[in-house]
Novice: 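Please read through the structure below; I'll follow up with questions.
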Amino acid sequence: MSFESLGLRAELLRAVSEQGYSEPTPIQLQAIPAILAGRDLLAGAQTGTGKTAGFTLPLLQRLAATQPAVADKKEKGWRPIRALILTPTRELAAQVRDSVATYGKFLPLRSTAVFGGVNIKPQFQNLRRGVDILVATPGRLEDHMEQRTVDLRAVEVLVLDEADRMLDMGFLPVMKRIMAVLPKHRQNLLFSATVSNEIRTLAQGLLRDPQVIQIDRISSPAQNVTQVVHPVDKDRRRELLAHLITTQDWRQVLVFTRMKFGAEKLATQLDRAGLQATAIHGNKNQNQRTRALADFKAGRVRVLVATDVASRGLDIEQLPHVVNYELPMDAESYVHRIGRTGRAGLLGAAVSLVSADEAGLLADIERLIGAEIPRENVPGFEPAIPLVTTGKQGGGRGSKSKSGHHQHTQHNTRGEKKPHWHRRSEQKRGGRTQRGNSR
Ligand code: AMP
């Protein structure tokens, strides 16, 4: 199935082809026709499935094909906001807006993003100039509503992206206040990595006869991601991480910690040890985050240390290595974390440094993914306190490296097929994260 056969117009096909996409991803195959037909949508899909293009392409097509419903207002040339896309984080807002600009580059539609953590004034100007598509985080959008710098009365399409994360972050009341000012008659598209009861409740109140799409259950990490656990004593984790980065010559590695403080400290220590490292977490302002991400993408920084929240929506293409410096408290975050690598069918490696006290967390993760992650001791770092998990998955106690060598390219924990879609050309688009300026 090709993008052409989905009925997308030439301007969009050209943009898609410039991106090097050869065929639609599964979510795109299902979502694009439904959205073009004007249906509401409930889509269970994680980041990495191509969901952003899945809603952006048909959205752009619909807007390009019609005139705004309310055109009777104000001065000549007034451009009402016709599509509103809500995202949980500023990073995701910037990236979605970037996708809108990329896919819509041959169409005369304008877009901007508004999110917190940056000066609000330039956003006033962008909004005043008029945009067709607004990408926003709920909090900052409400600020604009209160200041009457945004008019949402002509919104035809509402997209909730990563709705589960927005609920986790406590945005439901703000989202309700936003939805209350939108026209009742509109198309609603709800995207969520997990479809929990809370999401179902939200969907019930919001969606009219939705098409339901479920892509890639949360519990299945991509098959092209190699997973390994290196047992290690807690106080030697940093040393082991530095050892792995150096001896395996990792050039671009995303490291997860649980706490902001831990992220900062680890980045500083690695940096001092001569491995260019920086941290990205909630205490950093938008400029610092954007710079850290740009440095990392450009290869000026080798190690990016992140907390789970800060990492959401980071779109880093061709990220080869993800390290769990500490295991997350909830097993699903593990799947989210390792979903940062192995994007778009590329190979990735997810390495977890696990100390004895994390055995319970590891068991939870293995229960969720339904597989045991191979254990490999790294010579010289064998833990004094052994890592013991009560195997719930059947099978042996993991594959300790027989040769004593810690290569780990061979294991895939699940037997699913590799996604059949992939880029035609692996063109790297540097600096994908732009701020939300009007085009
Ligand atoms: P998303 O799930 O929207 O975050 O997209 C994940 C990645 O897949 C992004 O880097 C997109 O550029 C890429 N992508 C989206 N659609 C396709 C496609 N049809 N073929 C190849 N890559 C794609």
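Atoms within each ligand, like the ligands themselves, are counted from 1 in listed order.
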Novice: Kindly identify the option in F191, Y21, F3 whose heavy atom sits closest to atom 18 (C) of ligand 1.
Specialist: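 Among F191, Y21, F3, the closest heavy atom to atom 18 (C) of ligand 1 belongs to Y21.
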Novice: For a quick test of your reading: what N or O donor-acceptor pairs under 3.5 Å do the side chains of residues 179-191 make, sequence neighbours left out?
Specialist:
from, atom 1, to, atom 2, distance (Å)
R186, NE, N188, OD1, 2.7
R186, NH1, P183, O, 3.1
R186, NH2, N188, OD1, 3.2
Q187, OE1, R62, NE, 3.2
Q187, NE2, I35, O, 3.2
Q187, NE2, R39, O, 2.7
N188, ND2, L206, O, 3.2

Novice: Evaluate the criterion salt bridge (charged side-chain N to carboxylate O under 4.0 Å, His left out) for residue pair E326 and R337; output intermediate values, then yes/no.
Specialist: CA-CA 11 Å; E326 291 155 322; R337 284 180 178 189; over 6 Å; no
Novice: Based purely on interatomic distance, does A53 place a nitrogen or oxygen under 3.5 Å from a nitrogen or oxygen of ligand 1?
Specialist: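 No; the residue has no nitrogen or oxygen that sits under 3.5 Å from a nitrogen or oxygen of the ligand.
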Novice: Checking D271 now: which residues fulfil salt bridge (Lys or Arg N to Asp or Glu O under 4.0 Å) with it, not counting sequence neighbours?
Specialist: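 Per chain and number, D271 pairs via salt bridge (Lys or Arg N to Asp or Glu O under 4.0 Å) with no residue.
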Novice: Is the CZ atom of R9 crowded by more than 12 outside heavy atoms at less than 6.0 Å?
Specialist: yes
Novice: Examine Y103 against ligand 1 and note whether any of their N/O atoms are separated by less than 3.5 Å.
Specialist: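 No, no N or O pair falls under 3.5 Å.
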Novice: Quick check on side chain to side chain contact (heavy atoms under 4.5 Å, CB included): which of V100, V157, I81 does I133 satisfy it with?
Specialist: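 Looking at V100, V157, I81, the match for I133 under the side chain to side chain contact (heavy atoms under 4.5 Å, CB included) is V100.
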Novice: May I ask you to list the atoms of ligand 1 that are less than 4.0 angstrom from any heavy atom of T52?
Specialist: 1 (P), 3 (O), 4 (O)
Novice: Mind checking whether Q19 contacts ligand 1 via backbone (N, CA, C, O), side chain (CB onward), both or neither, at a 4.0 Å heavy-atom cut-off?
Specialist: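 No part of Q19 comes within reach of ligand 1.
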Novice: Out of all atoms in ligand 1, which are within 4.0 Å of some heavy atom of E23? Include the element for each.
Specialist: 18 (C), 19 (N), 20 (N)
